[in-house]
Amino acid sequence: AKADGRAGFRFHRTGSQDDEVRKRVRLDHAMRQVLARDGFRLHYQPQVDLSTGRVVGTEALIRWRDPTHGDISPADFIPVAEASGFIVQIGDWVLSQAVRQAASWYAAGRAMPVSVNVSALQFQQADFATRVSRLLAEHRLPPALLELELTESILVRDAAEALERLEALAALGVQLAIDDFGTGYSSLAYLKRFPLDALKIDRRFVRGLPGDESDAAIVRAIVQMAHALGLRVVAEGVELEAQRGFLAGLGCHTYQGFLFAPALDAQALWEVIEPEKALPAA
Ligand code: C2E
Ligand code: MG
Ligand code: MG
Ligand code: MG
């Protein structure tokens with residue numbers, strides 16, 4: 001692996017278990033240094049209203065650019081941080097950065113909701129809702145402008161405790177969404193029990209639209225169910241106009257995807273949304 005300059009942080013399934021463990025340890029160590037040096041960045045992917053074409057939200061996504069290894073994907077390092085527990089510190093940074101950014105857009109006249117990915121360990125902190133509440137107050141952000149994205153696995157682990165935590169968060173007035181909906185191992189019963197606001201359709205179901213009949217059937221069912229339950233639906237990973245058109249036809253509310261824009265730095269995102277202020281309200 002040494003011969004390949006980019007291989008340092010890569011996980012080769014063919015590598016020995018020892019190699020894999022060493023890489024994880026190295027990656028975990030590197031993450032701690034990057035956080036200490038304030039080297040992570042947040043980018044924001046626009047979420048677009050399917051009926052008006054306007055940006056109605058953003059998802060905050062962490063970015064790590066290493067001077068020698070280049071961009072390191074969160075899909076590679078977030079699972080390592082989750083395994084080591086360091087995700088709690090990263091998650092704290094992400095949350096405070098996202099709240100600060102949303103508050104700054106709000107102060108500049110744009111009430112732009114920001115969605116933040118929350119990991120299980122973070123959600124399980126006894127004082128998580130208190131931390132969120134404190135951040136909102138500190139930055140004077142209206143709670144409805146913060147959305148927390150949770151995965152199904154968080155909700156099934158300890159349903160009674162999860163319910164209590166979700167209720168505390170819902171009471172603050174923040175929005176709650178299920179990320180990667182349909183990919184976890186949970187029952188649908190929780191949709192009825194938990195105080196949720198939105199479902200995010202995973203991009204593996206969006207990819208085959210509109211031609212793949214199974215994908216089309218699954219997405220149609222999710223959107224219909226969300227409508228019946230009064231939940232907003234966000235489709236992820238929309239890359240093609242035909243996918244956007246299909247989702248719009250179903251009455252899906254919003255989408256995010258490379259068709260409109262990837263995650264952008266805060267300045268670039270502002271340049272997309274700022275001119276929209278001048279448009280007549282739809
Ligand atoms: P996710 O939360 O489901 O985020 C959506 C992912 O899809 C992002 O990948 C985004 O860049 C990517 N994406 C958006 N549109 C398209 C598209 O049209 N085509 C394709 N192929 N991909 C698209 P990203 O940023 O690499 O993040 C991957 C995952 O890492 C996220 O999945 C999330 O689970 C995790 N993650 C990212 N940032 C954070 C964070 O701040 N905290 C936590 N806990 N997890 C994070
Ligand atoms: Mg997400
Ligand atoms: Mg997702
Ligand atoms: Mg995903």
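Start at 1 and go down the list; that is how both ligands and their atoms are numbered.
Taking only nitrogen or oxygen atoms, main chain and side chain alike, Arg63 reaches within less than 3.5 Å of ligand 1. Here's the thing with Ile87: none of its N/O atoms is less than 3.5 angstrom from an N/O atom of ligand 1. In terms of N/O distances under 3.5 Å, ligand 1 is approached by Arg203. Considering both main-chain and side-chain atoms, Phe258 comes within under 3.5 Å of ligand 1 through a nitrogen or oxygen pair.
The atoms of ligand 1 that sit less than 4.0 Å from any heavy atom of Gln45 are 14 (C), 15 (N). Atom numbering of ligand 1 starts at 1 in the shown order; those under 4.0 Å from a heavy atom of Val238 are 18 (O). Close approach of ligand 1 to Glu236 is summarised as follows: ligand atoms under 4.0 Å from at least one heavy atom of the residue are 3 (O). Of all atoms in ligand 1, numbered sequentially from 1 with element shown, those under 4.0 Å from a heavy atom of Ser119 are 44 (N). With ligand atoms numbered from 1 in the order given, ligand 1 contributes 15 (N), 18 (O) to contacts under 4.0 Å with heavy atoms of Gly257. Within the listing of ligand 1, atoms 3 (O) sit less than 4.0 angstrom from a heavy atom of Asp180. The atoms of ligand 1 that sit less than 4.0 Å from any heavy atom of Glu239 are 17 (C), 18 (O), 19 (N), 20 (C), 21 (N).
Neither the backbone nor the side chain of Lys200 has any atom closer than 4.0 Å to an atom of ligand 1 (non-hydrogen atoms only). Counting heavy atoms closer than 4.0 Å to ligand 1, residue Asn117 contributes atoms from both its backbone and its side chain. Within the 4.0 Å heavy-atom criterion, the part of Asp179 lying near ligand 1 is the side chain and not the backbone. The proximity of Ile90 to ligand 1, defined as any non-hydrogen pair under 4.0 Å, does not occur for either the backbone or the side chain.
Atom CG of Leu269 sits about 4.0 Å away from atom CH2 of Trp105, to the nearest 0.5 Å. To the nearest 0.5 angstrom, Asp71 atom CG is 8.0 Å from Arg63 atom CZ.
When the Mg ion (ligand 3) is compared with the N/O/S atoms of Asp180, atom OD1 turns out nearest.
Using a 4.0 Å cut-off between a side-chain N of Lys or Arg and a carboxylate O of Asp or Glu, Glu149 and Lys200 qualify as a salt bridge. Under the 4.0 Å criterion applied to side-chain N and carboxylate O atoms, Arg110 and Glu276 are assigned as salt-bridge partners. A salt bridge does not link Arg24 to Asp28: none of the charged side-chain nitrogens sits closer than 4.0 Å to a carboxylate oxygen. For Arg232 and Asp197, the salt-bridge test fails: no basic side-chain N is under 4.0 Å from an acidic carboxylate O. The residues Glu241 and Arg244 are annotated as salt-bridged, a charged nitrogen and a carboxylate oxygen being separated by less than 4.0 angstrom.
Phe40 and Trp93 have tilted rings, their planes meeting at an angle from 30° to 60° on a 0 to 90° scale.
Among the backbone and side-chain atoms of Glu236, none of the N, O or S atoms lies under 2.8 Å from the Mg ion (ligand 2). Put simply, Glu149 gets within reach of the Mg ion (ligand 2), with an N, O or S atom under 2.8 Å from it. Among the backbone and side-chain atoms of Asp179, an N, O or S atom lies under 2.8 Å from the Mg ion (ligand 3). For a distance bound of 2.8 Å, the N, O or S atoms of Ser115 include none lying that close to the Mg ion (ligand 2).
Summarising the local packing, OH of Tyr106 is surrounded by 12 or fewer heavy atoms from other residues, nucleotides or ligands at distances under 6.0 Å. With a 6.0 Å radius and a threshold of 12 heavy atoms from other residues, nucleotides or ligands, Glu164 has its CD atom at or below the threshold.
Side-chain atoms of Asp265 come within 3.5 Å of backbone N or O of Ala268 as a donor-acceptor pair.
Within the 4.0 Å heavy-atom cutoff, Pro262 does not count among the residues contacting ligand 1. For Gly237, the heavy-atom gap to ligand 1 drops under 4.0 angstrom. Proximity of Glu59 to ligand 1 is established by a heavy-atom distance of less than 4.0 Å.
Across all their heavy atoms, Leu163 and Arg193 have their closest contact at CD1-O, 3.5 Å. Summarising the geometry of Ser119 relative to Glu82, their closest heavy-atom pair is OG-OE2, 2.8 Å, with the distance given to 0.1 Å.
Geometry about the Mg ion (ligand 2) gives an angle of 90° between OD1 of Asn117 and OE2 of Glu59, rounded in steps of 10 degrees.
Proximity of the aromatic rings of Tyr44 and Trp270 is defined here by a centroid distance below 6.0 angstrom, and this criterion is not met.
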